[in-house]
Amino acid sequence: MNNRLKVLRAERDWSQAHLADLLGVSRQTVNALETGRYDPSLPLAFKIARIFAQPIESIFSDQETDA
Amino acid sequence: MTASAVSRKRALPRRLLIAFAVGLATGVAGYVLGRTILPGLIGPDALDRFDLRWSDALAGLTALAMLIGAGVVLAICLDPRRLGRLYRLEGPASAGEVGQARLQAAVMGLSGLILLLPLVFALSGVAGPAALGLIVVLLAIHTVLNLKVWRGVDELLRRTTMEAATVTFFLGQGLLFAWAAAERLGVLPVLTAWDIYAVLMALYLVVSVFAASRRGLA
């Protein structure tokens, strides 16, 4: 699964630590999400969508959607 | 494929090459130590006095790998910038991140110690009940610390732990079924609980390293 987390964070000029605080996760998790090494749980995906005020599908996309 | 995935794919052969080189150097060093240095220190037939089994060697190596791994992480924890680089963070690790890494390393080291102690006690002739008592106390401490780690981490580490446990279970049960079938048919010798535990811990260590690397945690 791909995501726009890094772009969205950069647009807001947030550090990984700030986003991690907002999400209640570690910086390692933010890093793993941004580098595509980890797909979040559904509750965490919803939290990310709420924080960036965007629908989940505009942040996360699967390979078939991208193709 | 994303740019980061491409970059990871390129980095993989280099990392494998480094791992191979480290493994080769460690193997050669171990061979030299076992063939030339150790016999000179403890006598040429010292190890023959003990009834060492293949599972003793496997458990000993697994335990040493855990102890060395714990030591390396604890040493890295002395410098928050190095820990930050290890975890691929922006900047140095925070005090909380250093504390969590130290706790995880301590639990890994304690796992290694608990795995090593039955072997050490058996070889050194320490009385069974007293040795077992100490091991049970350490196991209880280890369980409490493990729970503390579990409660202190987020979903990434929990999922990584569960993945490692799942893969270990399926590999372990497949391996043990094959052995059990062969044992029942009289093709292979009977396994002891120690043999099975040594195999499971070695499997878990290898699988954990792969699972953590896959998530960028190692």
Side-chain angles (χ1 to χ4, degrees), chain A, chain B residues 1-12 15 73 76-77 80-105 148-164 208-218:
Chain A
M1 196 159 70
N2 298 324
N3 69 71
R4 298 173 50 237
L5 217 55
K6 197 167 187 173
V7 175
L8 293 169
R9 183 170 67 83
E11 282 172 0
R12 285 156 183 78
D13 202 19
W14 288 350
S15 65
Q16 281 186 343
H18 181 64
L19 180 58
D21 278 347
L22 291 174
L23 293 171
V25 298
S26 65
R27 285 197 290 169
Q28 287 170 280
T29 300
V30 170
N31 184 56
L33 288 167
E34 288 183 349
T35 52
R37 289 174 187 269
Y38 175 64
D39 294 333
S41 66
L42 208 48
L44 182 57
F46 271 107
K47 210 168 180 180
I48 291 167
R50 265 200 307 277
I51 282 169
F52 288 112
Q54 296 199 13
I56 285 181
E57 60 269 27
S58 79
I59 302 173
F60 298 97
S61 58
D62 59 17
Q63 310 292 347
E64 284 181 23
T65 314
D66 292 343
Chain B
M1 194 180 285
T2 60
S4 58
V6 172
S7 150
R8 281 206 309 275
K9 212 164 186 176
R10 278 181 191 152
L12 191 62
R15 291 179 69 179
V73 174
I76 290 174
C77 282
R81 281 170 305 181
R82 281 185 70 195
L83 187 64
R85 281 200 298 275
L86 177 74
Y87 284 167
R88 301 176 178 87
L89 302 174
E90 287 177 352
S94 66
E97 287 160 346
V98 171
Q100 187 59 241
R102 277 192 186 135
L103 181 60
Q104 288 171 29
K148 199 176 170 191
V149 168
W150 182 263
R151 292 172 64 126
V153 298
D154 64 3
E155 63 173 59
L156 171 67
L157 208 67
R158 287 183 183 183
R159 193 185 293 181
T160 308
T161 306
M162 284 192 282
E163 280 171 358
S208 297
V209 169
F210 274 105
S213 301
R214 197 170 149 250
R215 301 292 186 197
L217 297 172

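Here is how names work: the chains are called A, B, and so on, in the same order as the sequence lines, proteins then strands, and each is numbered from 1.
Contact record, A/Asn31 with B/Tyr87: ND2-O, 4.0 Å, taken as the closest heavy-atom pair. Closest of all the heavy-atom pairs between A/Ala32 and B/Leu156 is CB-CD2, 4.0 Å.
Other residues, nucleotides and ligands contribute over 12 non-hydrogen atoms within 6.0 Å of the CZ atom of A/Arg12. For B/Arg81, the CZ atom sits in a loose shell: 12 or fewer heavy atoms of surrounding residues, nucleotides or ligands are nearer than 6.0 Å.
Not one N or O on the side chain of B/Arg215 forms a donor-acceptor pair closer than 3.5 Å with the backbone of A/Gln28.
If you measure heavy-atom distances from A/Pro40 to chain B, the contacts under 4.5 Å come from both the backbone and the side chain.
Taking the charged nitrogens against the carboxylate oxygens, B/Glu90 and A/Arg9 do have a contact shorter than 4.0 Å, which makes a salt bridge.
The residue among B/Arg159, B/Glu97, B/Arg88 with the most heavy atom pairs within less than 4.5 Å of chain A is B/Arg159.
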